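For reference, the structure is listed below as structure tokens.
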Amino acid sequence: GKRDFEVPRKGPEEVRRLAATLYEMTKELKKQEDWRHHLMEDLTHELRTPLTTLLTQIEAIVDGLYEPDPERLQDIYDELIRLSRLVNDLERLSEAESARFSLNVRRTNMVDLARTVHSHFLPLARGKSIKLTFEPAYVPCYAEVDRDKIVQVLSNIVSNAIKYTSEGGRVNIAVAYSTDRTVIRCEDNGIGISATDLPYIFNRLYRADKSRSRFSGGVGLGLSIAKALVEAHNGTIEATSELGVGSTFTVTLPNTFAPYRGEDA
Ligand code: ADP
């Protein structure tokens, strides 16, 4: 079989350290290569169906088999919109995957950041008569994060919560801290995710219910982008859910600074 690169056990310290670094780099490159390979497979699969549909429809119009009536053109247009959204999301996923090499990290008040996201989504929630609430931590908690990236994470989660919750529902964003981490939770009483789908929702291009998500315009990349960005911050992202009851998404980020407790004011 193939021989693995081996880290020498003997020899000068520097040489061993260099070898170990090279070994880690090789492993990392292999992982990236596998990732790209799977992405290509997924993408090919994802692009083939809509492209075939579009081709067939447009060919029929070109061949004069039927008139390009408004309804048919609308279908074609919708499919093209979905494809271009897919391409946009892919670009962001690719950025997210390499984010850990280019994080613009700053000490950030996580309550303020989550509150900003909450305010941003109020109009969208109101449009669906969804009660979008915000529950801050009692003390400010700080984490070292790339603000734009974490805003994107929370936006993906909150927009899903609104998207997958019916009119008149509830979505709550809560921020809590413990000494070493900030926990941001987004809870909805929406359609929920089945136990069979739940383990896969953070995978690229995964949609719990194809027809449902197609209708809502999702391409199934939002959560994989969120996961990549959170992991770039050494954080975690998890979901619990029950079909027909609701879902809770929990983002945990390590705090670099102890939360401010007021004693040194
Ligand atoms: P999409 O673009 O399809 O929303 P995501 O990666 O954001 O892709 O989410 C993946 C899938 O997880 C969705 O298609 C949906 O089935 C499910 N999902 C995500 N968030 C929720 C939620 N809050 N409630 C119910 N289902 C959800």
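Counting starts at 1 for both ligands and their atoms, in listed order. Just so you know, these numbers come straight off a predicted model, no measurement behind them.
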Yes or no on side-chain contact (heavy atoms from CB on, under 4.5 Å) for I157 and I184, after CA distance, side-chain angles and deciding distance?
CA-CA 11 Å; I157 292 171; I184 304 164; over 6 Å; no
Can you check side-chain hydrogen bond (donor to acceptor under 3.5 Å, both in side chains) on D78 and Q74, steps first, answer last?
CA-CA 6 Å; D78 290 347; Q74 184 68 47; 3.0 Å; yes
The test is side-chain contact (heavy atoms from CB on, under 4.5 Å); show your working for I76 and L54 and say whether it passes.
CA-CA 6 Å; I76 292 173; L54 285 169; 3.5 Å; yes
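In the vicinity of K163, heavy-atom distances shorter than 4.0 Å reach the ligand 1 atoms 1 (P), 2 (O), 4 (O). Short contacts between ligand 1 and A161, defined as distances under 4.0 Å to a heavy atom of the residue, involve ligand atoms 23 (N). Shown in contact with G222 at under 4.0 Å from a heavy atom are these atoms of ligand 1, numbered in order with element: 5 (P), 6 (O), 7 (O). Ligand 1 places these atoms under 4.0 Å from at least one heavy atom of I201: 10 (C), 12 (O).
Within the structure, the closest approach of S247 to ligand 1 falls below 4.0 Å when heavy atoms are considered. At least one heavy atom of L221 sits less than 4.0 Å from an atom of ligand 1.
Below 3.5 Å of separation, one finds no N or O of I193 facing any N or O of ligand 1. Here's the thing with I191: none of its N/O atoms is less than 3.5 angstrom from an N/O atom of ligand 1. Between Y164 and ligand 1, a contact under 3.5 Å exists for at least one N or O pair.
Following chains of ILVMFWY side-chain contacts shorter than 4.5 Å, one can reach L154 starting from L122, so the two form part of one hydrophobic cluster. Both L80 and L51 sit in one connected hydrophobic cluster of ILVMFWY residues. Membership requires side-chain heavy atoms under 4.5 Å apart, directly or through other members. Residues V62 and Y66 share a hydrophobic cluster, clusters being chains of Ile/Leu/Val/Met/Phe/Trp/Tyr side chains in contact below 4.5 Å.
Under a cutoff of 6.0 Å and an axis angle of 45°, R107 and Y142 form a cation-pi pair.
Contact annotation: for F249 versus ligand 1, heavy atoms closer than 4.0 Å belong to the side chain alone. For I157, no heavy-atom contact with ligand 1 is shorter than 4.0 Å.
R147 pairs with exactly one of T116, T108, N104 by the side chain to side chain donor-acceptor pair (under 3.5 Å) rule, that one being T108.
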